[in-house]
Structure formats: structure tokens, C-alpha cells
Number of protein chains: 4
Amino acid sequence: MSQTPDRREELLATAAEVFAAQGYNATTVRKIADAAGMLAGSLYYHFDSKESMLDEILSTFLDDLWARYDAVLAAGLGPRETIEALVTESFREIDRHRAAVAIYQKESKHLRTRPRFGYLADSQQKFEKAWLGTLERGVAERAFRADLDVRLTYRFVRDTVWVAASWYRPEGQHSPEEIARQYLSMVLEGIALRT
Amino acid sequence: MSQTPDRREELLATAAEVFAAQGYNATTVRKIADAAGMLAGSLYYHFDSKESMLDEILSTFLDDLWARYDAVLAAGLGPRETIEALVTESFREIDRHRAAVAIYQKESKHLRTRPRFGYLADSQQKFEKAWLGTLERGVAERAFRADLDVRLTYRFVRDTVWVAASWYRPEGQHSPEEIARQYLSMVLEGIALRT
Amino acid sequence: MSQTPDRREELLATAAEVFAAQGYNATTVRKIADAAGMLAGSLYYHFDSKESMLDEILSTFLDDLWARYDAVLAAGLGPRETIEALVTESFREIDRHRAAVAIYQKESKHLRTRPRFGYLADSQQKFEKAWLGTLERGVAERAFRADLDVRLTYRFVRDTVWVAASWYRPEGQHSPEEIARQYLSMVLEGIALRT
Amino acid sequence: MSQTPDRREELLATAAEVFAAQGYNATTVRKIADAAGMLAGSLYYHFDSKESMLDEILSTFLDDLWARYDAVLAAGLGPRETIEALVTESFREIDRHRAAVAIYQKESKHLRTRPRFGYLADSQQKFEKAWLGTLERGVAERAFRADLDVRLTYRFVRDTVWVAASWYRPEGQHSPEEIARQYLSMVLEGIALRT
DNA sequence: AATGAATGAGTATTCATTCAT
DNA sequence: TATGAATGAATACTCATTCAT
């Protein structure tokens, strides 16, 4: 019967755009329905609740992200190459799931506390372990400067990477890889001219 | 006896904390009133609306910020020293107005469009001109690398500085100046060990 | 101590103007206080409540009105002369108590039901008896046309007289007596040219 | 089964009754909803706001009124017959839209100033032009007395006609046409017995 | 799959009133 | 007499959600 290839995914994509543009709380179910060309009540045929849409958007994104991060971490690269790969994958993920990343960036902090979104906290911890660990390994292996405050550095890097979702445009002039290269150049070598 | 050292300001500080913690939209007037130990309606003796509280919080912060930025920009420093001073002042401002900065970071994007908050867009433009101009001058004067994409660099730096408000704690182990030094070290010299 | 000749009456006059201009319900205590150059709470030193102001305004007006009506009715005039005198006194009363009459016109209908304003219903009944009685006497004594529907005529006359408070201006070109003369001429003789 | 002969119109009729009985400001949305057998919030499925209900009630009434007035004015009648026709149509309109007329009478004065209700002022002006013009034509053509103050007469007539909405009851003993005839008889011929 | 209509819990805001000073 | 600050009840309006069709 149902030959709908994926009405569900269409609707989720629409919802994600609206959430990203207006914020989750400020997004009414009616706005999503308008954007999808249906009435508000009709969404409930497809989804349990507004929250479950958000849930599905975020968990789909994180599943994809971790598949790629795990591949990088399992590849046995050196610390510098690992950082390079993680940064590159992150910008690629922004390219693929811009709306979801923007939502994640804006909402995860207060969602984390709710049981249903516990996986956000889990992900955040795995995330920290991966990045902090790599930075520490880099210092130990003399790939990175010894005087680094790795915790602060981790925060700086984490923030910049994800906030990029708020200004990144897929149609823009820079590919994700190009942005990653520029960013890595700044973080690894610095912007000051070496004399 | 109590010379009421401005009930208004107390209330604004309270409101700013709640806005920062929960987001402007998700913050009900009742939550602010609870935090201030009064009833929701009583806030309207002091303020016209929830929005006018937000307005006053943001404009007070921006006025203060620009007083300091303008002083830096008028000091006739070289580009590297200007960047250092701007970054340092920014982290100090986060220390002074943490809540306001967090609100600014989260809400300014969609507030900018409303006429009442037009000054956010103005400020944003002045901000961009100050930072971009300094970076460009730095490239021209050979203080910064010639292969820099200054627009991208500007975005990276802008984001990292302000997002810091979301994790910065005044009682933490790092002073604003210390955080600025670490951040400048990363951005100016890079984290890779020079061989 | 209190040499205030009549602060109370000043305030009542102010309140009456605002009630007349904006309607009783739409008039906030603050608007009255603004017009009187004080703060809202301060009015409660002089009056028990907003309702008691309204009460005093209306009952003062009605006391005055009935003093004059009663004098007319006790004078032993013929029906036509009685109608002429009542109409003239009514327009004079509008001149003296314009605001109160306007309030009476707009609010008495729904105030009548409340116990506190029971005197409005009493007054209304006395009013009807005086006018209807005079009209009926006029028909009986062949001063007025025999084919008159006195109830309808009463309503027409009553309404026109009091509604005049909504357009009458004391500084206007017509004295109350002049308006009364014009009105009586229309009602008594008609506007059609007699052939 | 139920072809919903316009829920909207049912609700508007209900709202009009309540507005007329209690006044627009004093009418709470809850009262309307109670009278309609639903919850207050449910009204907002059908209407944007309480004000838009009022707007629709008044503009529907005025559209109807002007269709009939325009027909009268276009009929090329003499001044006396025009006045007779306008008065008759007015009382018929009160019969058809009693609630709307009562609301118009009570609220139009202060609504007129609001932009949304600008059409009330427009209507008022057309109204004045039609009546005043006819009265003046009547004086010129010797249908009406030469010593008439037409402005005052216009006000007297206008007021009496519309105020009638406040006491008229459709189930009453008088048809609109009968009321019109009595009123015209009084205004045109006067109530005094001709000697 | 989708609509039309309704629910009910909330949300900002208003306002008459109180009261210590 | 008047002020400044607060109360508490009400008010218009919003919105996620439900459900019969």
C-alpha cells in the first residue's frame, strides 16, 4: 500500500529547517505544517509529538556523526592527523546536516538534562574524550606544544567548529574541505607571520 | 534606611541570569518573578514588558562593550597588539556581563530583524569592520600571514570569543586575562610544535 | 488644617471627564490620577474605590436634576408648558453636568442592575412617570394629538434629549435654551411646512 | 450530515448579542465562548481576535445599511419622501441587525479613531452628507420649514433613530414600519394639536 | 492521509487595590 | 496627603495535542 518513499524524511527535513531558523521553542507545529503544506493536526499522523520530531532529527544526525568519528578514531592515525581528520569530518557533517547541527548547537545544552535526550550528554562525553585524548596524546608525542592548556584548547576548538553551522551555506564559495584546511592552518600554525 | 541601590538593576541582573540559563523565549515572566521573590505582575511596575527587560540588558552590555572597544581602536596600536587588546577586552567583558553575552550569542540572530533591536545589527557591522579591518591591516603590514582568508578567520575568531560565555564561570580557575593569553597563543602561534 | 476648599470635587470633576471621554470600564484609575497630577494609589486617600467615584458623580447629578424637575412638576403648568419646561431644564442640565449626563447615558443601563446603583432604576421610573403622565394628560386635555402612541413618543423624546450630551459643547454656538427651543419646535410643530 | 451553514456566522451572531448587552470592553472572550458553548481559546480557531469579531460585525452591518441607503438615494425621490424612506430603512435595519446597531451606537465614537475602524468615520460622513443634504434640499424646495436649523435637526433625528436599537425588541408589538410611521408623524407634523 | 474543530494548560499583560513610609 | 512598591485576580491570546470524519 504505502509506496511513500519517505514522506517522513521529507517532513523531518522541513521541520529541521524551521527549528534551525526559528529555534525549537519558537517553532510552532503550525509553522512546520505550513512549510509542509498541510494542517497542524495532520502531522500527528506521522509523529507522536513535536518533541519526537526533534528527537529523530538529532539522533539521526548523531548516529551519522559517530559512524564517521569512530572510523577516524579506529584508523590508527597520529595525533595531528587525527585532529585534521576530525575537523574535516566535522565540517563535512555541517555540510550534510546543517540544520540538525544548528539545532544541536542551540538546544543541546538545555535538552541534555531531560531523560529522553540523555544520549546528548553521552555523545558529549564521548566527544570530549576523543578530542581531549587526542590533544593530550599530541602533547605527549611532541606533536603539539607542551605549554598548551588542553582543556581550554579543546573548548576553543569544539566551539568554533560547531558554531560554523550558524554561518555556513552549502551554496557558498568554500567547500567543507577548504574551510577545514583554513581552520586547521590557523589552529595548527597560527596566523602570525613567522619571522 | 535601605537606599534602594536600584531595584531596577537588581531585577535586570536576575532576569539576565534566567534568560541566559533558559533562553529568552523559554523564560516565562513568572520564572523571573520567582527568582526575584515577587509575583509576575509586579514586574510590570518596573518594566513595560519582558521585551523591554531584554532590550535594557542587551543595550547596557553593548554600550559598555563599545566604550572599551573604541578606546582600544583609538589607541593607535599595531595590528597584532590591537587583536590582542580586543580579545582581552572581550574576555573581560564576558567576565563582567556573562549573562548578557550568553543572551546576545543565542538570541541576537533573530532579534536583529526586529526594529526595536536594530542596534544589534549596527553593532554587528561596527564589530565586523573593526575586526576585519585590523586583520587586513595586519596582512598588509606583514604582521599576519599573507595566505590568510581574513573573512573566514574573522568568523572563527568572533565565534570562539563569544561562545566562551556559555562555559565561562567567574569562579573558575582562569582569569579572563589568562584565557585571553591562551587563546591568543593558539590563534597567533598555533598549537603545532615548531620543528 | 485642611483648607482645601474642595479637592474632592476637583477630583470628581476630573474623573467625570475621563469617564465620559473613555467610558467607565475603559478608564483606569491611573488615567484619572494622571489627569489629576497624582499617582493612582493616592486617589484612595480620597475615595474608597473607582466605583464610589462613579457613584458620587451620578448621584450628585441626579439629585440636582430632580430638584429642578420636581420644581417644574410642582408648578401646576399645563401639559404643553410642562413639556417645554422639562425639555429646557434637561438641556440646561446637560450644560451643567455634561460629563455626568454622558456617563449616565452610556452606563446606566448595565449599572441599574447592581444594588449599589438601584437609585438609577428608581430615577428612571420617576422619570417615565413624569414624562408619560404629562404626555397622557396632554392628549386628554387636547393639547396633543389624539392619535399619538405616547409610549413611543416618550421613548423618542427621552432618547434625543439625553443623547444630546454626546455632541453638546458648552463653548458651542447654541445656548441650552436655544437648543431647547429648536427641539421643542420640531417635536411640537413638526418640520414639514404647513400648507 | 450537518452542512455547517457557517459556524462562523453563528458565532458572530452570538458575539454580537453579548457585545450589545454588556458593551465591547466589558465583554470577555470567555463570556462569548460560554454563550457559544465552547472554551475561550476555541474561538481563536475561527477568528483572529476579539477585535476582528467586532470588526466583522460592524462592517457587515454597514455594508448592508449602505446598500439600502444607496438604493433610496438613487431613486430620485423628493426630500420628504427621501426622509421617509431613510427613516423607514433605518428602523428596518435595526430590526435586522439590532445587536450590531446597538454596538455601533455605543462604541463607534471611540472606535472611529483607530485605523482599523476608519470606515466608521467614512460611513459617518456619508451619512451626514445624505441626511443634511436632503434636509437642505427640503428647505430649498419648500417641503420643510424655512426657519429650521438643519444641523441641529440632523443631530436630533440621527440620534433618535439609532438609539432606538437600545429599546427595540423584534418580538415587540410594533413592526419597524409602524415605528417609522409614528416617528415620521412626530417629526414631520409635530405632536401639538393644530388649532 | 489529511481535515476541521475543539481542548486545556499556559503566557504576557493589565489593573483596582493595599500599605508602609 | 501623597508616594513607591507590591498583590492577586482577571484578560486576551497561543499552542501542542486530540479526535471524529
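Keep in mind that the numbers below use all heavy atoms, side chains included, and drop hydrogens, waters and symmetry copies. Source: prediction; values computed, not measured. Throughout, a chain's letter reflects where its sequence line sits, starting with A, and its residues are numbered from 1.
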Exceeds 12 heavy-atom contacts within 6.0 angstrom, atom CZ of Arg116(C): yes
Check: Lys31(B) side chain, Ala26(B) main-chain N or O, donor-acceptor pair, under 3.5 Å: yes
Value in whole Å for how far the P atom of dT17(F) lies from CG of Leu54(A): 12 Å
Spacing of OH belonging to Tyr104(B) relative to CG belonging to Leu62(B), to within rounding of 0.5 Å: 6.0 Å
Test: Arg98(B) and Glu17(B) ion pair at under 4.0 Å: yes
Residue among Arg7(D), Glu9(D), Arg8(D) satisfying side chain to side chain contact (heavy atoms under 4.5 Å, CB included) with Leu11(D): Arg7(D)
Glu51(D) and Phe117(D), any side-chain heavy atoms less than 4.5 Å apart: yes
Distance, rounded to the nearest Å, where Phe47(C) contributes CZ and dA2(F) contributes C1': 14 Å
Closest-nucleotide ordering on DNA chain F, the 5'-leading residue of Asn25(D) and Met38(C): Met38(C)
Distance (rounded to the nearest 0.5 Å) between Leu111(C) CG and Ile103(C) CD1: 10.0 Å
Donor-acceptor pair, side chain of Glu107(C) and main chain of Tyr24(C), under 3.5 angstrom: yes
Side chain of Leu39(A) (C-beta onward), nearest among dT7(F), dA2(F), dT3(E): dT3(E)
Would you tabulate the pairs of protein nitrogen or oxygen atoms and nucleotide nitrogen or oxygen atoms of nucleotides 13-15 of chain E closer than 3.5 angstrom?
residue: dT13(E); atom: OP2; partner: Tyr44(B); partner atom: OH; Å: 2.3
residue: dT13(E); atom: OP2; partner: Lys50(B); partner atom: N; Å: 2.9
residue: dT13(E); atom: O5'; partner: Tyr44(B); partner atom: OH; Å: 3.2

Spacing between Arg30(A) atom CZ and dA6(E) atom C1', to the nearest angstrom: 15 Å
Asp6(B) CG to dA5(F) P, straight-line distance once rounded to whole Å: 9 Å
Pair Asp55(B)-Tyr119(B), side-chain donor/acceptor within less than 3.5 Å: yes
Spacing of Leu11(C) atom CG relative to dT1(F) atom P, expressed in whole Å: 10 Å
Contiguous pairing runs of three or more, Watson-Crick or G-U under 3.5 Å, that involve DNA chain E: E:2-21 with F:2-21
Side-chain N,O (His46(B)) to OP1/OP2 (dA6(F)) below 4.0 Å: yes
dA5(E) phosphate, OP1 or OP2, under 4.0 Å from Tyr45(D) side-chain N/O: yes
Rounded interatomic separation in angstrom, taking CG from Leu43(A) and P from dG4(E): 14 Å
Whole-Å distance separating the CG atom of Asp34(A) from the P atom of dA2(E): 15 Å
Nearest-nucleotide 5' precedence on DNA chain F, Gly37(B) against Tyr24(D): Gly37(B)
Between dC15(F) (C1') and Gln22(A) (CD): distance, integer Å: 14 Å
Under-4.0 Å side-chain N/O to phosphate OP1/OP2 contact, Arg7(C) with dA2(F): yes
